[in-house]
Q: 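First the structure, which I've put down as structure tokens, then a few questions once you've had a look.
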Protein chains: 2
Amino acid sequence: MATIGDVAREAGVSRSTVSYALSGKRTISQETRERIESAISRLGFTVNAGARALATSETMVLGLFLQFHEDEFPPAMLQYIYSISQAAREEGYDILMVTDADGPAAVRRITSSNMVDGIILLDIAHDDPRLEPLRSARQPAALIGLPRDTEGVDVFDLDFGEAARLLVDHLYGLGHREVILLAPPRHVFERGGAYAWRFRDAAMERAARYGITLYTYYGESQQPAINRSLNAILDARPSATALIVHNDASIAALPQILQERGTSVPGDLSVVSLFPREFGRSFQLPYTAIETSPDALAREAVQHLVRRIIDPDYAPPIVKFIEPQLTIRGSTA
Amino acid sequence: MATIGDVAREAGVSRSTVSYALSGKRTISQETRERIESAISRLGFTVNAGARALATSETMVLGLFLQFHEDEFPPAMLQYIYSISQAAREEGYDILMVTDADGPAAVRRITSSNMVDGIILLDIAHDDPRLEPLRSARQPAALIGLPRDTEGVDVFDLDFGEAARLLVDHLYGLGHREVILLAPPRHVFERGGAYAWRFRDAAMERAARYGITLYTYYGESQQPAINRSLNAILDARPSATALIVHNDASIAALPQILQERGTSVPGDLSVVSLFPREFGRSFQLPYTAIETSPDALAREAVQHLVRRIIDPDYAPPIVKFIEPQLTIRGSTA
DNA sequence: TGCATACGTCGAACCGGTTCGATGAGTGTA
DNA sequence: TACACTCATCGAACCGGTTCGACGTATGCA
């Protein structure tokens, strides 16, 4: 493989001149630059990433840490992964994807060996054990999801509380007074997925204020329990006139269940939910819903992270909630 | 950050001694080793990945190249990503995930800058444009999927032909003589997803041999077209007694469609398919099916790749088809 | 004509590891 | 007692880049 030294020799200049021609950090005469460029293409030279990283302490790689929980709905996760990867590339960064079961150890391993310039964490728990190693790392971090303690990290998340309020308001406005809330699986609450209780608590608080009776249930994450539990819940609350589904796996299964039961939407039951618009591509989800916007979230997180890599003090740590958008699809009355 | 030099000073030895203590490539006295180890933990030293990569020409990173086609079913993709990542970690490698729209350029960029020790390609097209830059790369590659020309790469794939034959045999044995085959979306054929026609051609050939009438249709990849097309196909062939679904997005939608139509399985229609077992976790798929085994495929691909990284000539290039497994779920009669 | 400035290039040092050859001390053997 | 080996360690070179200071030459301005 051609090195910068080979290029220098071929072009009859010094290695430093080639480096400056490449980076543009010092002026190089037109003629020399051309000799160098032709030498580069003749030799098929590309800078060695490891060597550059060693010299500059910049790898141009972001670490993406995620965990595959059994109770997670795969399409949602992929949406984040993809958006993050695309956004990173637009900023000139590649993605090192780390899925180790032992999250904190992985964070320590990757950051302390200097493999990445910055960190993105998905699937944040309320007391996320990965935050501690992250805080003592040299690299800045952006979280997608809200932990208890946001010190030293940038946080991006949907405003789940506001999302819940929007949905409850919407139903209240239509006259609903008995509503079922299907929350994420119990595991998510136990693991500390704060988005789950932020949504639930806001919905409960709002319902209480309006005098709405809110029946709250945990959803299931895997078939066939998902279907069984959906049926059981609907059986248990025949008087409810509306259903709020905050549960990806269940919303995907809902159309068939309602079909089976002969329940018409919104005739017999109004349904609102919360899911990425992209779900609608793979699944038939004709429900009025808040969009969780993984793409927007990913984009913001990456862009801020990159800015912070370039200038660690460009701003105090950010906690940014993105505004929920309600998309009306006619599933309520 | 502590460097190997800091450790050496702290332990009162030379840098090379520390390096040998770390790698075990030369004998080090018990006593010196202990001094070094204590210095390492006192200083919190970790080797710098870039420096090591530069010195050894080994990055301990695998490049995972994938593309997000609009017509792809997300859960399937994620299953591969996750399995590859886990398998890689077990072999001591991390994953650089590359999703650039321009595949060949990305391959060139990553390989020539020496960011990875080996390459894994997903989503192989019959004439995959990424293969050319791959062949001139220093790093070995493993493909999950079969291209036209397998020269210089290791290939791993499900034996789609055999899968089709197994399914047709199964249906023939039960007496079916009029069968619908729902193939992948037209785009997949056009793009050169060879698995699509390998399956279809084998099914057609087998059906012809048995005197089975096979109605072949392209599936759709996005809602609401998926549902519309499923209904249209079933309407068009009321006399068919069995349905073979080789289409992830459609199989996920099928239960509801059949429900809606009042079609009972296997009473009115026998259904067989082809999907990863893991789909059954998120979706209710009570269908007899071939398992596509992303996990097994990923594992084999990674392990072979690693072996080839260590010894490029350990064996001639491999084309390995894994044996399809039929799981009976009682959806045929 | 003289001096300060800008331009273009070079050499050397450095980033943080690994590895090869050399060296001195200790052990076994003829 | 001399010689050959092994063991433990060190110093130097190297991997392939970047960057700083220096230097010679051309240019601008007084």
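Each chain gets a letter, A, B and so on, in the order its sequence line appears, and its residues count up from 1.
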Q: Does a side-chain N or O from A:T27 land closer than 4.0 Å to OP1 or OP2 of C:dA6, or not?
A: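 For C:dA6, neither OP1 nor OP2 has a side-chain N or O of A:T27 closer than 4.0 Å.
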Q: Decide whether A:T17 and A:S14 meet the rule of one side-chain donor and one side-chain acceptor closer than 3.5 Å.
A: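 Distance-only check passes for A:T17 and A:S14.
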Q: Atom CD1 of A:I40 to atom P of D:dG16: distance rounded to whole Å?
A: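 Taking atom P of D:dG16 as the reference, CD1 of A:I40 is at 16 Å.
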Q: Examine the base of D:dT19 for any acceptor or donor lying under 3.5 Å from a partner atom in the side chain of A:R26, and report the outcome as yes or no.
A: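 Counting by modelled atom types and ignoring angles, no donor-acceptor contact under 3.5 Å is found here.
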Q: Going by atom types only, do B:Y314 and B:H304 share a side-chain donor-acceptor pair under 3.5 Å?
A: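 The criterion, which ignores hydrogens and geometry beyond distance, is satisfied for B:H304 and B:Y314.
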Q: Grab the CG-P distance between A:N48 and C:dG16 for me, whole Å please.
A: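 The distance from CG of A:N48 to P of C:dG16 comes to 16 Å, rounded to the nearest Å.
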Q: Run the salt-bridge test on A:D100 and A:R130 with the 4.0 Å N-O cut-off and return the result as yes or no.
A: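 No, this pair does not count.
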Q: Please tell me which of the listed nucleotides, C:dG16, D:dG17, D:dA8, lies nearest to the side chain of A:L54?
A: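 Comparing C:dG16, D:dG17, D:dA8 against the side chain of A:L54, the answer is C:dG16.
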Q: Please report, rounded to the nearest Å, how far the C1' atom of D:dG17 is from the CG atom of A:D6.
A: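 Value for this atom pair: 13 Å.
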Q: Given B:E90 and B:R299, is the salt bridge (charged side-chain N to carboxylate O under 4.0 Å, His left out) satisfied, shown in steps?
A: CA-CA 10 Å; B:E90 283 165 24; B:R299 204 153 229 90; 2.8 Å; yes
Q: Salt bridge (charged side-chain N to carboxylate O under 4.0 Å, His left out), that's the test. Do B:D128 and B:R191 meet it? Break it down for me.
A: CA-CA 9 Å; B:D128 202 300; B:R191 187 202 311 145; over 6 Å; no
Q: What is the distance, to the nearest angstrom, from the CD1 atom on B:I36 to the C1' atom on D:dC10?
A: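 Spelled out: CD1 on B:I36 to C1' on D:dC10 is 12 Å.
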Q: Looking at CG of B:L122 and OG1 of B:T99, how far apart are the two atoms once the value is rounded to the nearest 0.5 Å?
A: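 One finds 12.0 Å between CG of B:L122 and OG1 of B:T99.
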Q: Are A:K25 and D:dT18 close enough that a side-chain N or O sits under 4.0 Å from OP1 or OP2?
A: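 No, because none of the side-chain N or O atoms of A:K25 sits under 4.0 Å from OP1 or OP2 of D:dT18.
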Q: From C-beta outward on A:I4, which listed nucleotide comes closest to its side chain: C:dG8, C:dT18, D:dG17?
A: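 Among the listed nucleotides, the one closest to the side chain of A:I4 is D:dG17.
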Q: Using a 4.0 Å heavy-atom cut-off, does A:S19 contact any base of the nucleic acid, only the sugar-phosphate backbone, or nothing at all?
A: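 Base: the residue A:S19, judged by heavy atoms under 4.0 Å, touches a nucleobase.
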Q: Could you tell me how far apart B:R9 (CZ) and C:dG16 (P) are, to the nearest whole angstrom?
A: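 Atom CZ in B:R9 sits about 11 Å away from atom P in C:dG16.
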Q: Once you build an axis from the first five pairs and another from the last five of the helix from C:dT1-D:dA30 to C:dA30-D:dT1, how far apart in angle are they, to 10 degrees?
A: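 Roughly 40° between the end axes, to the nearest 10°.
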Q: Could you pull out the protein-nucleic contacts involving nucleotides 11-14 of chain D (nitrogen or oxygen on both sides, under 3.5 Å)?
A:
residue	atom	partner	partner atom	Å
D:dG11	N7	B:S16	OG	3.4
D:dG11	O6	B:S16	OG	3.1

Q: Let me know the distance between CZ of B:R35 and C1' of D:dA8, rounded to the nearest Å.
A: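 Taking atom C1' of D:dA8 as the reference, CZ of B:R35 is at 12 Å.
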Q: Is there a side-chain contact (heavy atoms from CB on, under 4.5 Å) between A:I40 and A:L22? Walk through the geometry before answering.
A: CA-CA 10 Å; A:I40 285 177; A:L22 247 35; 3.4 Å; yes
Q: Nearest of C:dT9, D:dG17, D:dT19 to any side-chain atom of A:F45?
A: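 Looking only at heavy atoms from C-beta outward on A:F45, the closest nucleotide is D:dG17.
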Q: When we call it a touch if two heavy atoms are under 4.0 Å apart, what does A:S113 touch: a base, just sugar-phosphate, or nothing?
A: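 Answer is nothing: A:S113 stays at 4.0 Å or more from every strand.
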Q: Between B:R109 and A:D94 (salt bridge meaning N to carboxylate O under 4.0 Å), is one present in this structure?
A: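 Yes, this pair counts.
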Q: Once you round it to whole Å, what is the distance between C1' of C:dG16 and CG of B:L22?
A: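 Value for this atom pair: 13 Å.
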Q: Please report the interatomic distance CD1(A:I4) to CZ(A:R15), rounded to the nearest 0.5 Å.
A: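 If I round to the nearest 0.5 Å, the distance is 7.0 Å.
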Q: Salt bridge or not for A:D154 and A:R307, using N-O below 4.0 Å?
A: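 Salt bridge between A:D154 and A:R307, a charged N being under 4.0 Å from a carboxylate O: no.
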Q: Would you tell me if any nitrogen or oxygen in the side chain of B:T17 comes within less than 4.0 Å of OP1 or OP2 on D:dC10?
A: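 B:T17 to D:dC10 OP1/OP2: side-chain N or O found under 4.0 Å.
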